[in-house]
Amino acid sequence: MLPSASELVQKQRKLSRRVVVEDDLPAAIRTVAGVDAAFPEGGGLTRAAAVLMSYPGLETLDQAVAEQPTRLPYIPGLLSFRELPAVLAALERLSSEPDLVLCDGQGIAHPRRFGVACHLGVETGLCTIGVGKSRLCGQAEEPDRQRGAESLLRDGEEVIGSVLRTRTAVRPVFVSSGHRVSLQTATRLVLECTPRFRLPEPIRAADRLAGTRD
DNA sequence: GCGACAG
DNA sequence: ATCTTGTCGC
């Protein structure tokens, strides 16, 4: 029996009270992990990957994969319940705990301010940042054309994230606090983890590792 | 009722 | 996310 959507929404409302959006990171960040999930077998299997890299050098230190039967369908706003179990399993298989985790998806830039990055952070206590390839909610302003340009993502008067151009003339990404990282710090760290492509290196590596081509 | 809708 | 071939461009 699957949990109902309203039931999961209530869990989000409860867990969201534990999210910390102020900076509370290690004195020195030495490692950053990227996590992502893929759904092979026509969606029947969830395969999560976690890649640990040095920071700021971004050299790969370790990587892990975890597979589980898929339990829930994708429902906008409830993504974390579908992906988190496998992501947690992959993270636990890393040789060491990362100082920071970059997630594929939103942090507080979510209808109930509880995207996958927040959920992962609250469950593990780790510092997390949400990096979405597209917008879930809020009004986005177009940042300037060059790499490093950013604008704010707002929901009414509330600032919920930043729209960051990680590569000149390329579609921007949506950055938001996950847990224990402020928006300002998150935006800076994401740019520093994105020296070459549109997405941060740790997330790209996790993407490839989880990829549906075995 | 209508439009929007991470991965 | 996944289903899918070739093609344009650096």
Side-chain angles (χ1 to χ4, degrees), chain A residues 2 5-6 8-9 11-12 15-16 19 34-51 65-91 101-123 128-140 147 152-156 158 160-164 166-179 183 186-187 190 195-200 202-214:
Chain A
L2 300 177
S6 58
L8 296 177
V9 165
K11 283 190 180 181
Q12 291 185 320
L15 290 171
S16 67
V19 173
V35 296
D36 189 30
F39 301 85
E41 308 288 288
L45 193 63
T46 299
R47 178 190 299 140
V51 176
V65 172
E67 296 183 338
Q68 305 181 351
T70 301
R71 300 186 182 190
L72 301 171
Y74 166 69
I75 301 172
L78 299 176
L79 172 71
S80 66
F81 293 99
R82 172 174 162 90
E83 299 192 343
L84 214 52
V87 168
L88 288 172
L91 273 175
V101 182
L102 266 34
C103 305
D104 194 78
Q106 316 298 329
I108 65 169
H110 176 282
R112 290 167 292 284
R113 308 294 178 262
F114 200 66
V116 61
C118 299
H119 200 156
L120 175 61
V122 166
E123 288 290 329
T128 65
I129 295 172
V131 183
K133 295 186 292 298
S134 62
R135 180 188 63 82
L136 207 208
C137 68
Q139 309 88 217
R147 164 181 156 81
L152 298 179
L153 178 62
R154 295 195 180 77
D155 192 347
E158 187 176 5
I160 59 177
S162 66
V163 186
L164 178 66
T166 53
R167 285 198 72 186
T168 298
V170 169
R171 186 156 53 105
V173 296
F174 298 78
V175 179
S176 56
S177 297
H179 189 52
L183 176 61
T187 303
V190 166
R196 184 166 182 193
F197 301 104
R198 180 188 179 222
L199 297 176
I203 290 182
R204 290 188 73 241
D207 250 302
R208 284 184 29 205
L209 190 55
T212 297
R213 53 190 178 292
D214 306 310

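Just so we're on the same page: letters track the sequence lines, and every chain starts at 1.
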Legend entry - Under 4.0 angstrom between A:Ser134 side-chain N/O and B:dC5 OP1 or OP2: no

Can you tell me how far [atom2] of [N] sits from [atom1] of [X], to the nearest Å?
X: A:Ile75; N: B:dG7; atom1: CD1; atom2: C1'; answer: 13 Å
X: A:Lys133; N: B:dC5; atom1: NZ; atom2: P; answer: 15 Å
X: A:Phe114; N: B:dA6; atom1: CZ; atom2: P; answer: 18 Å
X: A:Ile160; N: B:dA6; atom1: CD1; atom2: P; answer: 13 Å
X: A:Leu79; N: C:dA1; atom1: CG; atom2: P; answer: 10 Å
X: A:Leu102; N: B:dG7; atom1: CG; atom2: P; answer: 14 Å
X: A:Gln106; N: B:dC5; atom1: CD; atom2: P; answer: 11 Å
X: A:Arg112; N: B:dC5; atom1: CZ; atom2: P; answer: 15 Å

Legend entry - Atom pair CD (A:Gln139) and CD1 (A:Ile160), whose distance is rounded to the nearest 0.5 Å: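 A:Gln139 atom CD to A:Ile160 atom CD1 measures 7.5 Å (nearest 0.5 Å).
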
Legend entry - From A:Leu183 atom CG to A:Leu153 atom CG, the distance as rounded to the nearest 0.5 Å: 9.0 Å

Inset, instruction - Write down the atom of A:Cys118, the atom of A:Phe114, and the distance for their closest heavy-atom approach. - result: CB-CD1, 3.7 Å

Considering only [options], which nucleotide approaches the side chain of [X] most closely?
X: A:Arg135; options: C:dT2, B:dA6, B:dA4; value: B:dA4
X: A:Glu83; options: C:dT2, B:dA6, B:dG7; value: B:dG7
X: A:Arg82; options: B:dA6, B:dG7, C:dA1; value: B:dG7

Inset, instruction - Would you please determine if the base of B:dG7 is stacked by A:Phe39, with stacking meaning a centroid separation under 5.5 angstrom and planes under 30 degrees? - result: no

Would you mind classifying the nucleic acid contact of [X] as base, sugar-phosphate or nothing, using non-hydrogen atoms under 4.0 angstrom?
X: A:Gly43; answer: nothing
X: A:Leu78; answer: base
X: A:Gly42; answer: nothing

Inset, instruction - Would you verify whether the NZ or CZ of A:Arg47 falls within 45 degrees of the ring axis of A:Phe39 while also being under 6.0 Å from that six-membered ring's centre? - result: no

Inset, instruction - Using a strict 4.0 Å threshold on nitrogen-to-oxygen distance, state whether A:Arg204 and A:Asp104 make a salt bridge. - result: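 No.
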
